[in-house]
Amino acid sequence: MYRTACPSCGAEVLFRSTISTIAVCEYCQSTVLRDADEVRDIGKIGKVLEDYSPIQIGTSGTFAKRSFTVVGRIQLHYDAGLWNEWYVMFDDGQGGWLADASGQYMVTLDIGPAKNATPFEQMRPEFRFEHAGRSFVATDVRTARCVGGQGELPFVVGAGYEAKVVDCRSGDRFLTIDYSDAAPRLYVGSPVTLAELNCQLLRDGDQILQSAGKLKGANNVLDCPNCGSPLNYKAGVATQLVCPACHSEVDCSGDRATVLAKHEEANRYHATLDVGDSATIDGDHWWSIIGLVELEEVGDDDSGWSEYLLYHKHKGFRWLVETREGWYDASVLDKWPEAWSENSVTLNKEQYRKLYPAYDARVTYAAGAFNWRVKVGDITTYREYERNGVRLAKESTASEINWSRSKKLTNELVAQWFGKKEIVTPKYETGEADDPADLNKLSIMAIVWLLVINVPLLLFGSFGSGLFWTVLAWWLLRLPLKFNKDD
Ligand SMILES: [Zn+2]
Ligand SMILES: [Zn+2]
């Protein structure tokens with residue numbers, strides 16, 4: 001441990017690790033560079049946004065049987081949101097990184113230059129990268145800016161520090177190719193959960209909510225900077241808001257809420273539940289809906305569905321999806337499938353089969369808070385697979401891929417979660433002939449036609465057989481209606 005006085009304000013600055021190059025003064029945000037035996041102030045760095053992360057400086061844990069302590073962090077901002085890179089120090093003095101993005105965690109270690117990396121400009125999701133005999137797939141390609149720093153760090157990050165990174169996955173392995181310097185570097189590790197890391201000294205949910213955010217006076221209520229309507233907002237938990245009144249996209253990751261974009265009126269069609277609705281799930285009553293998105297398949301106006309982002313102060317995020325086929329409980333996969341193709345996916349050695357042909361979906365409505373930037377008009381390509389009622393979905397855009405798993409829920413269970421008497425789904429207008437109302441019209445028309453055709457028979461012909469066929473045809477036409485009602 002090395003203590004020194006901040007060259008700018010005189011407060012004590014700690015260097016716990018011998019390999020840390022800089023430390024950020026807690027009081028004045030000066031970046032203090034340790035160089036031989038001298039310390040220099042090399043300029044200020046932004047304050048980090050206190051977000052939903054339960055990790056803090058001092059949190060300890062174990063990765064691959066080695067103990068570590070969190071000593072610093074940088075916060076990175078890219079066009080769709082914000083994530084944390086926690087700098088950790090292992091007991092043997094080596095440094096490492098614990099990335100924390102929307103409640104997903106990855107530990108990586110710097111293993112040196114990435115010699116065979118494709119140039120950043122040519123990198124795209126799905127590109128292959130070979131490392132140590134394994135084939136990795138690029139899943140994220142992003143350019144980010146360092147917006148805040150805290151504690152100790154292994155290299156100099158000034159204001160405006162730009163990171164160019166490509167994340168890659170191979171089953172339970174994870175690696176990042178970092179193109180921020182002239183020669184790309186390789187960070188190799190695994191996706192992890194905080195439980196697997198056996199983390200100690202985490203912040204609990206109350207501490208998170210008390211300290212979250214840095215927007216002055218905006219801990220509970222924030223007025224939309226565009227229209228002034230109150231925004232349902234849990235400071236820091238999610239930084240990207242969409243105003244339900246005027247549909248402006250509002251960014252809350254900086255010192256003040258700023259309008260990123262204004263949108264034309266967007267109509268809400270499908271969602272049964274609303275932002276702010278709270279739920280008791282498995283006896284746990286801290287869940288609430290913080291964001292709502294409606295989507296439809298591109299080229300099919302009748303295909304809408306809704307996705308709800310739920311947050312729990314101790315358990316983080318989960319998704320609830322409402323479709324015309326019913327409700328689904330969905331979560332983002334921490335560990336990715338071992339292999340996937342057009343027709344099947346292998347996850348944990350189990351094969352899932354293609355459910356539908358790939359389709360594109362467009363966001364038609366959004367409201368509430370998200371941890372990435374949601375825009376009406378955003379298009380994502382979906383591929384869905386199924387095994388024994390469990391669905392896997394791959395969602396891809398030009399810059400990233402995500403996998404999620406979902407399981408069907410009964411209407412009764414969803415109603416019970418949200419304390420409602422009943423929830424009726426689907427409440428979608430299909431416009432197709434399988435709508436009972438339309439069927440009714442069709443069958444009445446058909447019956448009228450049957451009668452018209454049969455009138456001569458009824459009057460002049462073999463009266464009995466004409467009546468028999470008319471009655472039989474009428475009964476057959478009513479059949480689908482009965483099935484529909486019995487659903
Ligand atoms: Zn200072
Ligand atoms: Zn507004």
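First listed ligand is number 1; within each ligand, the first listed atom is number 1. We use all heavy atoms of the structure for the numbers below, so side chains are in, but hydrogens, waters and symmetry mates are not.
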**OP:** Decide, counting backbone as well as side-chain atoms, whether C246 has an N, O or S atom less than 2.8 Å from the Zn ion (ligand 2).
**Re:** yes
**OP:** If the plane angle is over 60° it's perpendicular, under 30° parallel, otherwise tilted; pick one for Y382 and W305.
**Re:** perpendicular
Subject >> SG (C224) - the Zn ion (ligand 2) - SG (C243) angle, nearest 10° >> reply: 110°
Subject >> Distance, nearest 0.5 Å, that separates OG1 of T143 from NE2 of H77 >> reply: 13.5 Å
**OP:** Answer yes or no on whether R34 is positioned over the face of F15, meaning its NZ or CZ is under 6.0 Å from the six-membered ring centre and within 45° of the axis.
**Re:** yes
Original post:
Would the Y311 and Y52 ring centres measure less than 6.0 Å apart?
Top reply: no
Original post:
How open is the angle at the Zn ion (ligand 1) from atom SG of C28 over to atom SG of C9, rounded to 10 degrees?
Top reply: 110°
